[in-house]
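As the structure is a computational prediction, the values presented were derived from the model and not from experiment. Proteins get letters first, then strands, A, B, ... in listed order; numbering begins at 1 in each.
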Amino acid sequence: MQLLHTIRTKFAPVLSQWLPDQNSLQASLDRIVASRDASLADYQANVAMPLQKIVGKPPLEIAQAIVQGLQMGDLCSEVSIAGAGYVNLRLSNSFLANACEAAYQSDKVGLQGAQEPKTFVIDYSSPNVAKPMHVGHIRSTVIGDSISKILRFLGHHVITDNHLGDWGTQFGMIIYGYKHFRDDAAFQKAPVAELGRLYRVVQRIIGYQSLVANLETLERNTKLAAEKLQSLTEKQSAAPNDKKLQKELKSAANAAKETAAELESAKLSIANAQSDSSFIERCRAHPQLESRVLKETSKLHHGDKENLGLWEAFLPHCKEEIHGIYERLNVQFDHELGESFYHDMLPAVIEELMLKELATHSEGAICVFLDGFDAPMIVQKQDGAFLYSTTDLATALFREREFEPDACLYVVDHRQSEHFQKLFAVLAKLGLTHTTFKHVSFGTVMGQDGKPFKTRSGENIGLESMLDEAIARAWEVVCNPNRIKSFGMELTEEEKRDIANKVGIGAIKYADLSHNRTSDYVFDMDKMVQLEGNTAAYIQYSYARTRSILRRASGEEFQITDWPAASIQIAQPAERALAMQILRFEDTLMQSTHDYLPSVVTDYLYELAKLFSSFFDQCPVLKAETPELIRSRLKLTELTGRVLKQGLELLGIETVERM
RNA sequence: GGGGUCAUAGCUCAGUUGGAUAGAGCAACGGAUUUCUAAUCCGUAGGUCGUAGGUUCGAAUCCUACUGGCCCUGCCA
């Protein structure tokens, strides 16, 4: 149910006497919120204080007038005024009980759903298929999947699209690699692994060559920075109190330090590479590899038979690989329209931009210049090739025609925010003004050292091995024989595998979703698999406990099966706290979709699981005083389980009946 | 140089349209168990919300400046 809306509706007639205008009335109603401190109130209306200017009376007097005018009916057991003029509400136990009853009878745990369903296109995951997927891809995939599920559950029309990078430079790299470095036997045996190896071989050579090529510039810059620092230091000693100079000195010192460190690390990498003689030989044999790779890419894009043939041969293998990962993550898409799908539409995009005089030639490229940005959006390179900005424009135009969405969400990392600002500005100029485009950005996954999460040698961490490790650790903890024996549970091997799998994958997903989407977070496998505190396992465990009680109830010892027909009673503090949290489910989902924050849902579920634990501790279910109470609590337990399961499902996390 | 973003307990983090005494988890300490699954519950301790101003009934939250970190900044995606 939409609890907040129900409460706010009661306030509307009273507040409208001072706020005849709909907008200001709504703004005032929005100040009625769940109380942060449950000991003060369940809900609080912070409406009287801002009204003092409009009404011309002290807040306390206004609050009194509000309370006198309110017709809360059965909803509240207590309405009071506190502090500077807060109107505090205490929901009545009978209301909570009835509302839980209704939620229990409903097939969607009481969900009313969106009044005006909208159409969303959600673009997420979108990896480059020829490269191995790494930890950086997990956020987009997991966040996008969760947002899609929540919106869909609320009744919106959601179209998910995995915009695969299946047409870019990385294919030039593996095509070049395949032509020159392939191991046929290895390719026969495991094509994806071999392609991955070829990608890394080519990447390493390009990396080395670019380091060598830039070494001179780097040395010069380092020298210049050091000289600048030197001269500023001299000036500083002449004028020690010049603040501007001090600032300059500081930034010069930083710059000198940075360039020196960069030079040092470049030299080190080069020295390391040079100790590998076969590698150096390869580099000599393939000079200027980057431009050779670009040529292969360009040939592919221009329909070269051989390259197109290789691309067609590689792509199914690459797709199979990532589909394997999606299967493990239990993530599905409605569409998988990659970059290659849009290739033929790109010239028309440029044509339209030129025709509408949005794009101009500049320095040999075709660019769209936008107010507020120094650099233009480049849509066609000097060499005639298109860029991802061109593809993104074509994609947006295609989706507009095909799906007619109300909103398009791009779940992409925050470093691309400027790209999306430009993209959206151009789309607006192209007349796509009735669709809301939104970059749902997210922060970087950091290592323990506070730097982007990489292996010690600087490589990205493979997604597959990360999932394997999470599952292995989940196994160790969950299927620990001592623990299982301690409460006499016998699990088959198959059941153990299933549990370890769902707990391990759940741990990774939950760790990602529970952090605020926009902030960076430190990746800590120990912690996320630790199964204590704010983790998926704690919630999954709570769910398993609800199932355990229900299993026992209908088992031989108690033989109770008639609780669905009984009525829910709310009396104990732990019962009412649990009931109220259950009823806040829909409000939580709506709040979560307001700015696409799955962490709102994780917080909610964690709180619900904690409240259930308290309830479990303080309110015996099967050993309650009366048969009626036993049945009431069984019903509440079942309802809690349903919400926990549904909530986890919206996060893409599965549950188990026993763990 | 320009722009973006972040700074909250020892650690990892919540705190979204400004609301009452700033909250969790971990780590530390103390209690509860013949268990409806102790992977639990209850409690103690821990803070000048980066600094300085401003806006107002009220600021961790909004504005300005400063300090520090990360990111982006014309032909990769």
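Residue Tyr538(A) places at least one side-chain N or O under 4.0 Å from the OP1 or OP2 atom of rC41(B).
The side-chain tip of Arg292(A) does not point at the ring of Tyr176(A) from less than 6.0 angstrom away and within 45° of straight on.
Comparing the P positions of rG25(B) and rA14(B) gives an interatomic distance of 16 Å, to the nearest angstrom. Using atom C1' as the reference point in both rA60(B) and rG1(B), the two lie 32 Å apart (nearest Å).
Side chain Ser362(A) to base rG74(B): a donor-acceptor pair is found below 3.5 Å. Judged by distance alone with a 3.5 Å cut-off, no donor-acceptor contact links the side chain of Asp617(A) to the base of rU33(B). Checked by distance alone, Asp392(A) brings no side-chain donor or acceptor within 3.5 Å of a matching partner on the base of rA77(B). Contact annotation: side chain of Gln44(A) to base of rA20(B), donor-acceptor pair present below 3.5 Å.
Here rC36(B) is the nucleotide among rC71(B), rG1(B), rC36(B) with the atom lying nearest to any side-chain atom of Phe616(A). When each of rC75(B), rU12(B), rG19(B) is scored by its nearest atom to the side-chain atoms of Pro50(A), the top-ranked nucleotide is rG19(B). Listed candidates were rG19(B), rC13(B), rU40(B). Nearest to the side chain of Ser613(A) is rU40(B). Distances were taken from every side-chain heavy atom of Arg545(A) (C-beta onward) to each of rC76(B), rU37(B), rC75(B); the shortest belongs to rU37(B). Considering only side-chain atoms of Asn516(A), the nucleotide from rG1(B), rU16(B), rC36(B) that sits closest is rU16(B). You'll find that the side chain of Ser614(A) is closest to rC42(B), out of rA60(B), rC42(B), rG74(B). In this structure, of rA24(B), rG2(B), rC72(B), it is rA24(B) that holds the atom nearest to the side chain of Lys610(A).
Applying the Watson-Crick and G-U wobble criteria (two distances, each under 3.5 Å), rU40(B) pairs with rA32(B). As the counterpart of rA65(B), rU51(B) is assigned, both hydrogen-bonding distances of the Watson-Crick or G-U wobble pattern falling under 3.5 Å.
Mapped onto RNA chain B by nearest heavy atom, Lys623(A) and Arg31(A) fall at different nucleotides, with Arg31(A) at the one closer to the 5' end. The residue among Tyr606(A) and Arg552(A) whose nearest nucleotide of RNA chain B lies closer to the 5′ end is Tyr606(A).
Counting heavy atoms from C-beta on, the side chains of Ile378(A) and Thr390(A) never come closer than 4.5 Å.
Within 6.0 Å of NE2 in His419(A) there are more than 12 heavy atoms belonging to other residues, nucleotides or ligands.
Put simply, NZ on Lys422(A) is 14 Å from P on rG4(B), counting in whole angstrom units.
In this structure, His301(A) and Trp167(A) have parallel ring planes: the angle between them is below the 30° cut-off, well short of the 60° mark.
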